Each structure stands twice: as C-alpha cells, then as structure tokens.
Amino acid sequence: MPEQQNKTFYLETFGCQMNVHDSEKVIGTLRQQGYRQVETVEEAGLVLYNTCSIRDKAEQKVFHRLADYKKLQTQGKRFGVLGCVAQQEGEKIFERAPHVSMVCGSASYRNLPQMLVQIENGGTRVTGLDDRETDECFETEFTARSNPYRGYITIIEGCDKFCAYCVVPFTRGKERSRTSESVLQEARQMADLGYTEIQLLGQNVNSYQDPAGKRSFAELLTAVGEIPGMQRVRFTTSHPRDFGRDIVQAIEALPTLCDHVHLPVQSGSTRVLDAMQRLYTREQYLERIAWMKAAKREISLTTDIIVGFPGETEADFAETLSLLDAVQFDGVFSFKYSPRPNTPALKLDDAISDEEKARRLTILMEKQREIQKRNYQRHVGQTLEAMVEGRNEARGQWVGRTSQNKVLNFTALEGVSPLPGTYVPVLVKTSFPNSLVGEMVV
Ligand code: 5AD
Ligand code: SF4
C-alpha cells in the first residue's frame, strides 16, 4: 500500500439497523488496530463493504460497487466484503470479484484484528465465516457510535424462525441472546456518556431470552427505560408470534418507552402467512394490534409487507389491503417478493411476474399513502416533544423526531438554536404523509 494510505479505511454500509450498528463495532475495532477512517474510496488503503442480502437488489449493490472500483486495485488498495452477502456467498466472492482479499460474516468480526494482520502481510483470500451453529456474538468492547445522543444495543442476534422467504437464518446464524445484565451495563455506560435514547436491536428482538433467566424482554425494556437520564427507549424488530401483552403493558406504564411498535405482518392472508411459515394467523396478528389500540397511550404502529409471494392470489392480496384498512398503520415498508438462496420458498414456483408484483406494490403504496395522510393530519394542533437531530439549512428548519418516530421539522424563535440531542416542545402546524412541520413553543 502506498505510504499515505497506510492503515486507512473506507466503509460503506448497506441494509438494516443491525448492519449499521455492526459497522460501528467494525469501525471501533479497526481504530483500535491503528486504522483511520476516511470519507472516500480514493483516500483509503482498505475498502470495506458491510453488505445486505435480504433481497436480490440489495445483494447486487455490492457487486456493482466492487466492479466500479476494480481498477483501483492496481493502486494497491485492498477490498473486503463484510456482513450478510459475505456470510451467504463465502469464498465464491473471490471467484466473482478476484480483487477482494477478505470475506467476513458478522459472527466473525471478533477475528478482524487477526484478519487485518493477514491482509497487511499480503494475504489475498482471508476469510471469517461461520456455520449456523456459532455461539459467537460480536460484543461491543470497541463500538464507535456515530451519534452522541442516540445509540443502538444489540440484545439478540440471529434467527431460528425460518420464514420461507428469508435469508437471515442463514446469514446471521442461530438465535443467541446476551444476558440482561450485560445489556444493562452497556446501557448505563451510554447514559453516563450522555445518551438519552437507546434502541434495542435484534432480528426478532422480542424473542429475547435472558441466558441468566433474570428478565423477560418486557422487563429488560423497563429496566433500560428506568436508567436515570434515559428519555427514549425503542426496540426493533418484533415478531408477532412472540409479541406478548406484557410489552404493551410496559409501554403503557413507562413514558420513556417510546409509543411506537414496528410489527411486520408480511401478508393479510392467513393462507399466505401459512405458506410463508410465519407461525401466526391474520386473526392472531389483529389481536395483538387490538391490545395496542386499547392501550392508555396511543401507540404508533408500522409494519413490513411482501407482495407477490409464490401463490399469492388476487383474493389474498385483497386481504392484505383490507388489513391496511383495519390497522391504519403510520408506516409500511413494502417489498416485491425476491427469491433468496437457501430459503424454503425457493422450491415454490415464483410464478407471479415482476409486472404483477409491481402492480400490487403500487396499489398497496397508494392506499397506504392515503391512510398516512389522514393519520399524520390528526397531529396538527398537537404539541409534541421532538428530539432535535440537526438543521436543514436549505429549508431553514430544524429536524426533529417524535417519540412515535415521526419526523417533525420545525422553526424556532429568532436567535434560538436548539442543540442537537435536546428535547423541545413543538406545535404541529402542517402534515404530510411522512412528516410533520411545526413551530417550537416555550
Ligand atoms: N423478498 C422480499 N422482501 C423480503 N423481506 C425479507 N425477505 C424478503 C424477500 N425474500 C422483507 C420482509 C422483512 C423486511 C426486512 O424485508 O418484509 O420484514
Ligand atoms: Fe440485510 Fe437481513 Fe443482513 Fe440486515 S440481517 S443486513 S436486513 S440480510
């Protein structure tokens, strides 16, 4: 490597919050090894991609990036693929992109220091890959959190659910939880550092099982929410099957637990849910929603939906649309079904054309947009607490977020500059389907 690039790295992250947080751990580990992070590929000696393979489109992104920068290898740059595509494709990546010298799945990040030494010594096919049975967690000794007020804590890794469409059980291994004591210790350390918002992470966060048997997931939530100084606690992503009433009761009882639950439903048709191996029916899902609708605090609900799963009929799709009507979500992430390697659904005939999937997706998104328009509208006239995230100079507005995880942009009085990370009351004046706008009040 040329001298000035020595021990510099560039890292780009794709995918979910778990990946974003893993990247914070990777950055911390690399810094500990004497590496410095740079902002461009050109400046870097080591170029890393933390990848996602949830849908084919996400997976292709990393191969496009690698192709774009292939010629830079001649300048002595090294390339590494981390995360879910690394774990899924393994050494095949070296065949497809021979300029890659490292492939490392998320359960092997603790071996990064040794792997880096191998690369520094000229290693060209350095691997860190695990089988599904690994017990490794990448604990957080050297986490370099990018935001000083709001941070993630992984409480459970991997997944044992094996939904028919999903690659996660293969890329992130079996389910393994941290002890609640170690989670609380990390949360207290964060509070001491000035963090006021913590988001607990897991592929199925509410499947959490304290290995020491001390606290249930709801009890852990409450314990984190009771840490002095803590203002907002979030958790994602929940699985409906393991979603107990105690979680709703915890949110009702403790205002620091945010009034927002992301509960992916995937389909409104029990027949499709069964084919997806989701382990619940439409009715059971709606029962959980009813608990939340009956809560003393209004709880904002968001979800994920897949359209065009193999065998989804027009009638099944209509049931998904009717579920949107029934629940009135505040946000829906919707996707066209994408066949993934290793998954059980690969054996099913993916007979629904891409055009038909696109058609269903558009119908669903348009419907949801109308619902959200109405949902967001009802906040007009309310005074909501916003955590200040920063400033949008172009709009001349401050950017904030509500406890329900809604974007709330606002103006402040002349000469007042609210500090990022503080909480301010904002009177909502205008609404859009995805954001609110208001004025800070005193
Ligand atoms: N095709 C399309 N969407 C998928 N998701 C997961 N796997 C697939 C797939 N094979 C969606 C689900 C999940 C979200 C993170 O991504 O809706 O909740
Ligand atoms: Fe993508 Fe899933 Fe991996 Fe997250 S865990 S990066 S969503 S494949």
Side-chain angles (χ1 to χ4, degrees), residues 11-26 49-62 81-89 104-107 109 130 132 138 152 154 156-175 201-206 236-241 243 261-268 272-273 275-280 285 302-310 312 320 323 329 331-348 350 352 354 357-358 360-361 364-365 368:
L11 172 63
E12 183 174 356
T13 306
F14 303 95
C16 63
Q17 284 137 318
M18 297 280 281
N19 259 19
V20 172
H21 184 40
D22 281 351
S23 282
E24 295 181 332
K25 301 179 195 178
V26 169
Y49 295 109
N50 190 1
T51 60
C52 172
S53 65
I54 196 91
R55 285 169 290 276
D56 189 55
K57 240 191 192 159
E59 178 175 339
Q60 293 318 320
K61 272 190 199 155
V62 62
V81 177
L82 311 176
C84 294
V85 178
Q87 186 60 42
Q88 176 188 298
E89 296 297 305
C104 183
S106 62
Y109 292 157
D130 286 271
R132 229 196 82 79
F138 186 48
Y152 296 122
T154 311
I156 172 169
E157 304 208 38
C159 177
D160 286 346
K161 290 277 191 307
F162 291 96
C163 300
Y165 52 79
C166 189
V167 83
V168 170
F170 307 96
T171 60
R172 286 196 168 264
K174 71 173 179 196
E175 215 162 80
L201 291 182
Q203 290 302 334
N204 289 311
V205 73
N206 60 322
T236 197
T237 288
S238 298
H239 191 290
R241 220 279 298 263
F243 196 89
V261 172
H262 183 65
L263 197 62
V265 64
Q266 312 300 1
S267 168
V272 174
L273 289 172
M276 288 178 165
Q277 301 170 29
R278 283 293 285 176
L279 311 171
Y280 56 85
Y285 182 85
T302 55
T303 200
D304 294 345
I305 287 175
I306 298 175
V307 298
F309 185 76
E312 184 190 69
T320 297
L323 185 115
F329 292 107
V332 173
F333 299 92
S334 48
F335 312 98
K336 291 188 280 184
Y337 168 68
S338 164
R340 305 308 296 134
N342 306 316
T343 58
L346 262 192
K347 289 193 217 82
L348 306 173
D350 180 26
I352 301 172
D354 195 59
K357 287 178 190 166
R360 291 182 191 180
L361 192 67
L364 187 140
M365 285 165 63
Q368 180 57 26

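In each ligand, atom 1 is the first atom listed, and ligand 1 is the first ligand listed. Just so you know, residue 1 is the first one in the sequence shown, and it goes up from there. Only a predicted model underlies this, so the values are computations on that prediction, with no experimental measurement involved.
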**Student:** Sequence neighbours left out, what passes salt bridge (charged side-chain N to carboxylate O under 4.0 Å, His left out) with Arg172? Give chain and number order.
**Tutor:**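 So Arg172 forms a salt bridge (charged side-chain N to carboxylate O under 4.0 Å, His left out) with Asp22.
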**Student:** Which residues pass the side-chain contact (heavy atoms from CB on, under 4.5 Å) test with Lys57, sequence neighbours left out?
**Tutor:**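 Not a single residue meets the side-chain contact (heavy atoms from CB on, under 4.5 Å) criterion with Lys57.
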**Student:** Just by distance, with hydrogens left out, do Thr302 and His262 show a side-chain donor and acceptor under 3.5 Å apart?
**Tutor:**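 Indeed, the side chains of Thr302 and His262 share at least one donor-acceptor pair under 3.5 Å.
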**Student:** For ligand 2, is Gln203 a contact, meaning one of its heavy atoms is under 4.0 Å away?
**Tutor:**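 Per 4.0 Å heavy-atom rule, Gln203 contacts ligand 2.
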**Student:** Taking it one step at a time, do Leu11 and Tyr49 satisfy side chain to side chain contact (heavy atoms under 4.5 Å, CB included)?
**Tutor:** CA-CA 6 Å; Leu11 172 63; Tyr49 295 109; over 6 Å; no
**Student:** Taking the basic N atoms (NZ, or NE/NH1/NH2) and the acidic carboxylate oxygens, is any pair closer than 4.0 Å for Glu157 and Lys174?
**Tutor:**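 Judged by the 4.0 Å cut-off on N to carboxylate O distance, Glu157 and Lys174 do not form a salt bridge.
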**Student:** With a 4.5 Å limit on heavy-atom distance, are the side chains of Tyr285 and Leu263 in contact?
**Tutor:**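 In short, these two side chains touch, coming nearer than 4.5 Å.
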**Student:** Between the side chain of Asp160 and the main-chain N/O of Glu175, is any donor-acceptor distance below 3.5 Å?
**Tutor:**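 Answer holds: yes.
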**Student:** Should Asp350 and Lys357 be marked as a salt bridge (charged side-chain N to carboxylate O under 4.0 Å, His left out) after you check the CA-CA gap, both sets of side-chain angles, and the distance that decides it?
**Tutor:** CA-CA 11 Å; Asp350 180 26; Lys357 287 178 190 166; 3.1 Å; yes
**Student:** Check whether the side chains of Tyr337 and Glu312 place a donor and an acceptor atom closer than 3.5 Å, and report yes or no.
**Tutor:**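 Checked: Tyr337/Glu312 side chains show no N/O donor-acceptor pair below 3.5 Å.
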**Student:** If the criterion is any heavy atom closer than 4.0 Å to an atom of ligand 1, which residues make the list?
**Tutor:**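 Lining ligand 1: Ile54, Arg55, Tyr165, Gln266, Asp304, Ile306, Phe335, Lys336, Tyr337, Ser338, Arg340.
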**Student:** Which atoms of the protein, restricted to N, O or S, are nearer than 2.8 Å to atom 3 (Fe) of ligand 2?
**Tutor:**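 Only Cys84 SG fall inside 2.8 Å of atom 3 (Fe) of ligand 2.
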**Student:** Indicate yes or no for a side-chain donor-acceptor contact from Gln368 to the backbone of Phe329 under 3.5 Å, with no hydrogens or angles considered.
**Tutor:**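 Yes, the answer is positive, given that a donor and an acceptor are paired below the 3.5 Å cut-off.
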